[in-house]
Amino acid sequence: MKSIPCPWFSLRHTLESGQFFRWRRLGEGYEVIRRDRVFRVRQEGDRLRFEGADADFIRHFFALDHDLPAIHAALEGDPVLRDPLERYRGLRILRQDPWECVAAFLTSMASNIPRITRNVEDMAAAFGTPPAFPRPEQMGTETQLRALRLGFRARYLAAAAGLARDGRLDRLAGRPHEEVRAELMEIPGIAEKVADCVALFACGRLESFPVDTWVRKTMRRLYFRNRRATDLRIREFARRRFGPYAGYAQQVLFIAAREAGVRGSRPAARPA
DNA sequence: GGCCAGGTCCAAT
DNA sequence: ATTGGACATGGC
């Protein structure tokens with residue numbers, strides 16, 4: 001079992017923040033799958049212990065090169081962000097595989113994290129070479145995907161796989177956010193929200209600020225005095241206010257809103 | 001049981 | 001430019 005230092009890192013917050021779906025708790029740590037790599041990893045203080053991958057891969061995937069102190073410094077001046085930043089300290093935006101990210105977030109539409117996770121696992125089990133997620137050319141047909149209960153997402157997944165076969169998604173990393181968005185939005189089923197997720201989670205666009213239902217609600221409450229605000233206004237506001245690391249602000253707002261919302265919407269446990 | 005969920009598309013304002 | 005309904009399925 002190899003090990004590397006990991007200052008300013010929380011494996012749990014990073015994996016469990018809803019940006020990525022191919023992990024499961026295993027013993028004291030996690031088993032993680034990215035493309036055809038299956039590895040186990042656990043955190044012990046400021047060290048990461050892992051097997052099944054090499055140190056360069058781990059540093060790259062977990063974005064240990066992101067300058068977290070600078071990102072916190074840039075964001076924690078905002079009184080709204082201070083608490084969630086502290087609560088989820090060490091959460092990093094992963095470097096996901098673009099195709100797997102596209103597929104996961106196409107699956108995410110009008111869904112929820114437990115179901116997305118199930119759907120992604122089902123696709124990985126059904127096509128290609130399990131447990132790796134199927135590459136675009138291995139993806140199932142619309143009919144096969146419907147049989148996996150993907151519903152209306154099946155058509156989009158199948159079409160996206162067809163378009164992704166030429167490797168276009170692999171040429172997105174490092175390009176300007178607007179170009180990345182525009183190219184992704186040519187794929188049927190991808191509009192602004194999914195494009196922004198892929199830009200953020202797989203193309204290195206840390207300024208991307210995906211506006212989903214949780215972020216919309218929490219942004220309206222925290223910054224728009226509960227007024228109506230279009231997603232475009234919310235994104236423009238976020239870009240101005242949060243700057244080049246708006247994506248980090250988005251992820252802590254998302255996970256904070258979701259954890260509060262999920263707790264709050266369930267009846268309190270009745271004492272025995 | 002009906003409403004709504006990490007949305008998108010299309011048609012009708 | 002903005003708004004409403006359809007789209008599948010599942011959880012509450």
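- Judged as a side chain to side chain contact (heavy atoms under 4.5 Å, CB included), and not counting sequence neighbours, the contacts of A:Glu31 are A:Arg24, A:Leu26, A:Val38, A:Arg40.
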Give each protein N/O atom lying under 3.5 Å from an N/O atom of nucleotides 10-13 of chain B, with the pair distance.
none

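- If A:Ser108 and A:Ile187 are placed on DNA chain B by their nearest nucleotide, the residue sitting closer to the 5' end is A:Ser108.
- With A:Phe57 as the aromatic partner, A:Arg37 meets the cation-pi criteria of under 6.0 angstrom to the ring centre and within 45 degrees of the ring axis.
- None of A:Ile93, A:Leu68, A:Leu206 except one satisfies the side-chain contact (heavy atoms from CB on, under 4.5 Å) rule with A:Tyr245; the exception is A:Leu206.
- Summarising the geometry, atom CZ belonging to A:Arg228 is positioned 6.5 Å from atom CZ belonging to A:Arg220; distances are rounded to the nearest 0.5 Å.
- Taking the centre of each ring, A:Phe105 and A:Phe21 come in below the 6.0 Å mark.
- If you measure from atom CD1 of A:Ile116 to atom C1' of C:dG10, you get 13 Å, rounded to the nearest angstrom.
- Computed from coordinates, the A:Arg258 CZ to B:dC4 P distance equals 19 Å when rounded to whole Å.
- Straight-line distance between the P atoms of B:dC4 and C:dG4: roughly 13 Å, to the nearest whole Å.
- Taking atom CZ on A:Arg181 and atom C1' on B:dT8, their separation rounds to 14 Å, with Å as the unit.
- Among A:Phe50, A:Trp23, A:Phe39, the one residue that satisfies the ring pair (Phe, Tyr, Trp, His ring centres under 6.0 Å) test with A:Tyr30 is A:Trp23.
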Could you list the donor-acceptor pairs under 3.5 angstrom formed between side-chain atoms of residues 139-153 of chain A and any protein atom two or more places apart in sequence or on another chain?
unit_1	atom_1	unit_2	atom_2	d
A:Thr141	OG1	A:Gln144	N	3.1
A:Thr141	OG1	A:Gln144	OE1	3.4
A:Glu142	OE2	A:Arg146	NE	3.1
A:Glu142	OE2	A:Arg146	NH2	3.2
A:Gln144	OE1	A:Thr141	N	2.8
A:Arg153	NE	A:Thr107	O	3.3
A:Arg153	NE	A:Met109	O	2.9
A:Arg153	NH1	A:Leu150	O	3.0
A:Arg153	NH2	A:Met109	O	2.9
A:Arg153	NH2	A:Ala110	O	3.1

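- For C:dG5 and B:dC3, the C1' atoms lie 15 Å apart once the distance is rounded to whole Å.
- Linking ILVMFWY side-chain heavy atoms closer than 4.5 Å, directly or via other members, places A:Leu91 and A:Phe62 in two distinct hydrophobic clusters.
- When the C1' atom of B:dG7 is taken as reference, atom NZ of A:Lys193 falls 8 Å away, rounded to whole Å.
- Between C:dT2 and A:Arg233, no contact under 4.0 Å exists linking OP1 or OP2 to a side-chain N or O.
- Rounded to an integer number of Å, the gap from A:Arg115 CZ to C:dG11 P is 8 Å.
- For the P atoms, the distance from B:dG6 to C:dT2 is 25 Å, rounded to whole Å.
- For the pair A:Gln144 CD and C:dA8 C1', the computed distance is 18 Å after rounding to whole Å.
- The only member of A:Ile187, A:Val198, A:Val180 that meets side-chain contact (heavy atoms from CB on, under 4.5 Å) when paired with A:Leu169 is A:Ile187.
- In the set B:dT8, B:dG6, C:dT9, the nucleotide with an atom closest to the side chain of A:Phe254 is B:dG6.
- The residue A:Ala191 sits close only to the backbone: its heavy atoms come under 4.0 Å of sugar-phosphate atoms, none of a base.
- No donor-acceptor pair closer than 3.5 Å links the side chain of A:Trp99 to the backbone N or O of A:Ala160.
- When distances run from any side-chain atom of A:Met109 to the nucleotides C:dG11, B:dT8, B:dA5, the shortest one goes to B:dT8.
- Toward the 5′ end of DNA chain C lies the nearest nucleotide of A:Glu142, the other residue of the pair A:Glu142 and A:Asn112 mapping further downstream.
- Between the CZ atom of A:Phe105 and the P atom of B:dG6 there is a distance of 12 Å, rounded to whole Å.
- Using a 4.0 Å cutoff on non-hydrogen atoms, the parts of residues 239-251 of chain A near DNA chain B are A:Gln250, A:Gln251, ordered by number.
- Rounding to whole angstrom units, CG of residue A:Leu145 and P of C:dA8 are separated by 13 Å.
- Heavy atoms only, all atoms of each residue included: A:Leu157 and A:Ala103 are closest at CD1-O, 3.6 Å.
- Heavy-atom distances under 4.0 Å link DNA chain B to A:Phe152, A:Tyr156 of residues 146-159 of chain A, given in residue order.
- Judged purely by atom type and a 3.5 angstrom limit, A:Gln251 uses its side chain to pair as donor or acceptor with the backbone of A:Ser17.
- With sequence neighbours excluded, no residue forms a ring-ring contact (aromatic ring centres under 6.0 Å, His included) with A:Phe127.
- As judged by a 4.0 angstrom heavy-atom cut-off over every strand, A:Arg118 is placed among residues touching the sugar-phosphate backbone only.
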